[in-house]
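For reference, the structure discussed in these notes is given below.
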Amino acid sequence: MTGLVLDLLLAVTLVALAWRVLYAPDLFEAVVVFITLGLLMAVAWARLAAPDIALAEAAIGAGLTGVLLLDTLRALPQQAEKSGAPQRRPPHRARALPAVVAAALLGGVLAAAVLALPQVPIGLAATVSAELPRSGVSHPVTAVLLNFRGYDTWMELGVLLIAAIGVLSLRGSTRLSAAPPGEADAVLSWLVRVLVPLVVLVAGYLLWLGKSAAGGAFQAGVVLGAAGVLLWLAGYRPVTGDRLWKFLLVLGFGSFFTVAVGTMAGGRLLLEFPPEQAGTLIMLIEAAAAVSIGATMAALFIGLHFPPARKLSPLDRRVAP
Amino acid sequence: MNALIQAAGIGFCVAGAVFFLAGTVGLLRFPDTLSRLHALTKADNLGLGLIVIGLALEGGSWPEAGKLIVIWLLALLAGASACYLIGRHVAGQSEGGGD
Amino acid sequence: MIAQDHIYGIAAVLLFCLGLHGVFTRPETLRKIIALNVIGAGVFLFFVSVAARNTEAFADPVPHAMVLTGIVVAVSSTAFALGLARRLAKLGEKPPRINEGTPK
């Protein structure tokens with residue numbers, strides 16, 4: 001009973017925070033409340049018996065996305081001004097009504113669907129627990145991610161790679177290993193020098209833990225990405241060469257690709273791990289993926305900082321007056 | 001004896017929650033950034049410490065208590081540094097932006 | 001009888017609808033991107049609340065894996081969208097606002 005009261009409070013708070021995120025007039029407040037929403041979502045995941053997702057959400061949803069949004073907020077000054085000073089009349093009430101009615105109708109239909117879900121759960125937990133001993137690990141989520149649905153994880157690493165390529169191509173320069181701008185504060189440098197070894201240790205622990213408990217490549221990778229962002233903010237370069245950066249970005253997708261080619265060359269189906277070597281293969285892929293995810297997250301953050309334009313790119317020359 | 005330890009654990013957690021509440025009220029009600037930082041860091045560090053003691057009493061084993069204390073120390077470290085950085089930024093702004 | 005999955009399921013529906021309304025009606029580009037993330041949060045909450053209904057020793061791990069994948073894809077697309085928004089701002093174009101019709 002007390003659990004349900006906590007769940008109800010949490011759900012109401014989540015919806016209230018989402019309302020505040022979307023309808024607060026100040027964009028800075030919206031971003032800060034979004035970070036808080038991410039943290040409370042992590043608590044909701046913990047309540048719903050999803051510790052893997054709680055770890056990932058705390059690091060990605062609250063951490064990295066919040067940092068990216070704050071950084072972009074700083075770089076888009078006209079947006080922040082516009083939201084503070086209403087220069088034009090707010091739209092008439094009647095014009096805003098159809099959108100609200102449509103959203104409310106959709107909400108009603110979806111809520112009815114949610115309440116009408118069959119009471120007997122139809123899921124794949126039984127199938128997974130039957131096949132778990134043959135998968136090479138003993139944690140079901142890791143088994144699903146890396147073995148049973150390994151193809152999805154492979155393509156997800158591909159999506160990460162595409163996003164990094166997109167951000168870098170928008171930037172106009174792929175030199176990620178340039179010296180970070182800004183002054184290096186003494187306290188921040190000291191903090192980073194103390195924290196980053198601890199962060200690497202925690203990432204390695206999370207990676208190792210993924211075999212038997214909540215953890216794994218994504219959580220470890222995002223923690224490493226946070227370390228990379230911290231290093232860059234304190235004035236250090238996370239990775240010391242451009243070619244090493246590009247290698248790390250491709251490492252995750254590439255390691256899956258190598259294993260896939262290996263399984264097919266060995267006469268098996270795509271990504272069909274032999275049961276006695278599945279554990280080793282999974283650990284190798286996870287280690288490569290963790291390092292690659294860390295480098296990609298740091299690259300996404302660093303890549304959003306455009307270097308000062310020394311010469312115009314062809315796009316600028318076409319559009320600028 | 002066990003019930004006493006459990007009750008002490010719950011008592012420490014409640015005390016920590018009261019400190020967090022005080023810090024949040026300070027965040028919402030104090031007039032400027034520096035006083036808000038003061039309220040936040042003092043109340044949250046002590047609040048987290050009390051909650052850690054309460055959870056350590058409830059958890060029972062020494063390795064778990066050790067891990068909780070390490071978490072508290074790291075949160076202290078990060079909180080103090082963040083407070084300093086924000087305060088430095090605010091002080092730099094109020095002096096006209098120059099460093 | 002209200003169960004845990006109903007509570008979080010309704011909350012997920014509300015998050016989804018709030019986010020959808022926000023994407024179409026809020027003018028600032030950054031807020032549209034945030035609204036897309038709120039939509040994602042609603043969808044993930046629904047997935048996991050359905051997965052938690054399972055009465056086995058552990059919750060259904062396949063939706064958990066899908067949500068983990070979804071979180072990482074969401075942050076990738078958010079980063080790319082933010083890059084696009086910054087590029088648009090740098091080129092000096094205003095992001096189109098829903099209430100202004102076609103830009104001249």
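FYI, side chains are in, hydrogens and waters are out, and symmetry mates aren't considered; it's all heavy atoms of this structure. Within every chain, numbering begins at 1; the chains are lettered A, B, ... in the order of the sequence lines, protein sequences first and strands thereafter.
In terms of non-hydrogen atom pairs under 4.5 Å with chain A, the most contact-rich of C:Leu15, C:Ile33, C:Thr69 is C:Thr69. Ranked by heavy-atom pairs shorter than 4.5 Å toward chain C, the options A:Leu68, A:Val31, A:Asp152, A:Ile53 are led by A:Ile53. In terms of non-hydrogen atom pairs under 4.5 Å with chain C, the most contact-rich of A:Val128, A:Asp7, A:Val141, A:Leu17 is A:Asp7. Among the candidates A:Thr296, A:Val167, A:Leu37, the residue making the largest number of heavy-atom pairs closer than 4.5 Å to chain C is A:Val167. Comparing A:Val114, A:Val144, A:Leu22, A:Thr153 by how many heavy-atom pairs each has under 4.5 Å with chain C, the most go to A:Leu22. With chain C as partner, the option from A:Ala18, A:Ala56, A:Ala50 having the largest number of non-hydrogen pairs under 4.5 angstrom is A:Ala50. Of the listed residues (A:Val159, A:Leu300, A:Leu304), the one with the most heavy-atom contacts under 4.5 Å to chain C is A:Leu304.
Of the atoms belonging to C:Leu14, it is side-chain heavy atoms, and not backbone ones, that fall under 4.5 Å from chain A. Looking at A:Ile293, there are no atoms closer than 4.5 Å to chain C (heavy atoms on both sides), in backbone or side chain. When heavy atoms are compared at a cutoff of 4.5 Å, C:Leu68 approaches chain A by way of both its backbone and its side chain. Neither the backbone nor the side chain of A:Val12 comes within contact range of chain C; no heavy atom of the residue lies under 4.5 Å from a heavy atom of that chain. Heavy atoms closer than 4.5 Å to chain C are found in both the backbone and the side chain of A:Tyr23. Only the side chain of A:Met297 has a heavy atom closer than 4.5 Å to any heavy atom of chain C. Proximity to chain A (any heavy atom under 4.5 Å) is restricted, for C:Thr78, to the side chain, taken from C-beta onward. When heavy atoms are compared at a cutoff of 4.5 Å, C:Phe44 approaches chain A by way of both its backbone and its side chain. If you measure heavy-atom distances from A:Ile162 to chain C, you find no contacts under 4.5 Å at all.
Looking only at side-chain heavy atoms (C-beta outward), C:Val67 and C:Ile71 come within less than 4.5 Å of each other. Looking only at side-chain heavy atoms (C-beta outward), C:Leu45 and C:Phe16 stay at 4.5 Å or farther from each other.
Judged by distance alone, the side chain of A:Thr142 and the main-chain N or O of A:Gly210 form a donor-acceptor pair under 3.5 Å. For the pair C:Asp5 (side chain) and C:Arg53 (backbone), a donor-acceptor distance under 3.5 Å is absent. Without hydrogens or angle criteria, C:Lys32 side chain to C:Pro27 main chain gives no donor-acceptor distance under 3.5 Å. In this structure, the side chain of A:Glu156 does not engage the main chain of C:Val72 through any donor-acceptor pair within 3.5 Å. For A:Arg47 (side chain) and A:Gly3 (main-chain N/O), a donor-acceptor pair under 3.5 Å exists by modelled atom type. In terms of modelled atom types and a separation under 3.5 Å, the side chain of A:Ser129 and the main chain of A:Ala126 share a donor-acceptor contact. Looking only at distances, no side-chain donor or acceptor of C:Arg26 sits under 3.5 Å from a matching main-chain atom of C:Ala35.
Annotation: C:Phe47, atom CZ; neighbour count of heavy atoms from other residues, nucleotides and ligands within 6.0 Å does not exceed 12.
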